[in-house]
Amino acid sequence: MKNHNCKECLIKSAAAKNLNNEEFEILESNSVQVSFKKGEVIFKQDALSLNVAYLKTGLVKVHMRGPVREKILRVVRAPTYLGIPTTFGDKINQFSATALEDTSVCFIDTNGKFAYEIIVELCKNELFDYQKYVSMSQKQIPGMVAETLLCMSDRIFENSRFNFPLTRGEVGDLIGTSRESVSRVLTDLSNEKIIEMNGSEISILNKELLIQISEKG
DNA sequence: GCATTAACCACAG
DNA sequence: CTGTGGTTAATGC
């Protein structure tokens, strides 16, 4: 935790861009910035709410405990809000967030000025999740893995080569399959020279084919 | 039936 | 944690 200056923040949220000086003072006195190391829990399911978390830098997985195992709901890159972890009315988190990289987060005591931005964020998430669940229910595993790789490459890292932030097991939790299946698909893709793996580093060699696989399912 | 897909188990590195 | 092989269950042709 450290002192911070929301007005001078270079990674201001869209909501914060509309605030006046007085409102910035309110924001600063009602928020706190915290750093997290890779693997640290930012907020935890079943714990009391820490209000809204704004992911300033880093990469985070948002996940929920399922009847059998943990399910990764999404993987998000800064800057973004981490959603509203509680239901209205209670203050118990319904899901968790864990840092996949070193990360800094601002916890904000919610006030009216942020409501609009938060709603926009929630709508985007809802749409994104609907699309994801449609995909998941209709595609086979290679399609889902391909889609995940493309998503990482295009949306998270914006690079065809990147350091894969998830373990095989976590990819399984994300797309709803077993770690073994993820393993096998990845080695298949590697054997077919569609991707290249070096430890945790992954390069996409044949993006067109990968897109085909992700679309065909 | 036979083939395919994928989950579960187990063991090795 | 990861990779692999054997086994099993469900599904499709």
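These numbers were taken from a predicted model, which means no experiment stands behind them. In what follows, chains are A, B, ... by sequence order, proteins preceding strands, each numbered from 1.
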task: Using the test side-chain contact (heavy atoms from CB on, under 4.5 Å), find all partners of Thr98(A) that sit at least two apart in sequence or belong to another chain.
output: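 side-chain contact (heavy atoms from CB on, under 4.5 Å) check on Thr98(A) returns Val41(A), Lys61(A), His63(A).
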
- request: Quick one: list whatever passes side-chain contact (heavy atoms from CB on, under 4.5 Å) with Glu40(A), sequence neighbours left out.
  value: Phe36(A), Lys37(A)

field: CD1-CD1 distance between Ile141(A) and Ile213(A), expressed to the nearest 0.5 angstrom
entry: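 Taking CD1 in Ile141(A) and CD1 in Ile213(A), the distance rounds to 14.0 Å.
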
message: Within residues 138-149 of chain A, which residues have any heavy atom lying less than 4.0 Å from an atom of DNA chain C?
response: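 Those residues: none at all.
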
statement: Numerically ordered, the residues 174-188 of chain A set in heavy-atom contact under 4.0 Å with DNA chain C is Arg179(A), Glu180(A), Ser183(A), Arg184(A), Thr187(A)

field: Check against side chain to side chain contact (heavy atoms under 4.5 Å, CB included), Tyr81(A) and Asn125(A)
entry: CA-CA 10 Å; Tyr81(A) 285 98; Asn125(A) 292 164; over 6 Å; no

Rounded interatomic separation in angstrom, taking [atom1] from [X] and [atom2] from [N]:
X	N	atom1	atom2	value
Met136(A)	dA6(B)	CE	C1'	15 Å
Phe164(A)	dG3(C)	CZ	C1'	16 Å
Glu201(A)	dT2(C)	CD	P	16 Å

message: At under 4.0 Å between heavy atoms, how does the protein contact nucleotides 7-13 of chain C? Give one character per nucleotide, 5' to 3', with B, S or -.
response: -------

When you check the side-chain N and O atoms of [X] and [Y], is any donor under 3.5 Å from an acceptor?
X	Y	answer
Thr187(A)	Ser190(A)	no
Ser200(A)	Asn163(A)	yes
Thr57(A)	Ser104(A)	yes

- request: Give a yes/no answer on whether the side chain of Arg69(A) brings an N or O atom under 4.0 Å of OP1 or OP2 in dA7(B).
  value: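 No, because none of the side-chain N or O atoms of Arg69(A) sits under 4.0 Å from OP1 or OP2 of dA7(B).
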
task: Sort and list the pairs that fulfil salt bridge (Lys or Arg N to Asp or Glu O under 4.0 Å) and have at least one residue in residues 145-163 of chain A, not counting sequence neighbours.
output: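 Salt bridge (Lys or Arg N to Asp or Glu O under 4.0 Å) check on residues 145-163 of chain A returns Arg77(A)-Glu158(A), Lys139(A)-Glu147(A), Asp154(A)-Lys207(A), Arg161(A)-Glu201(A).
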
- prompt: Does the distance from a Lys or Arg side-chain N to an Asp or Glu carboxylate O, for Asp173(A) and Arg179(A), drop under 4.0 Å?
  reply: no

Single-linkage hydrophobic cluster, 4.5 Å side-chain cutoff, Ile211(A) and Leu186(A) together: yes

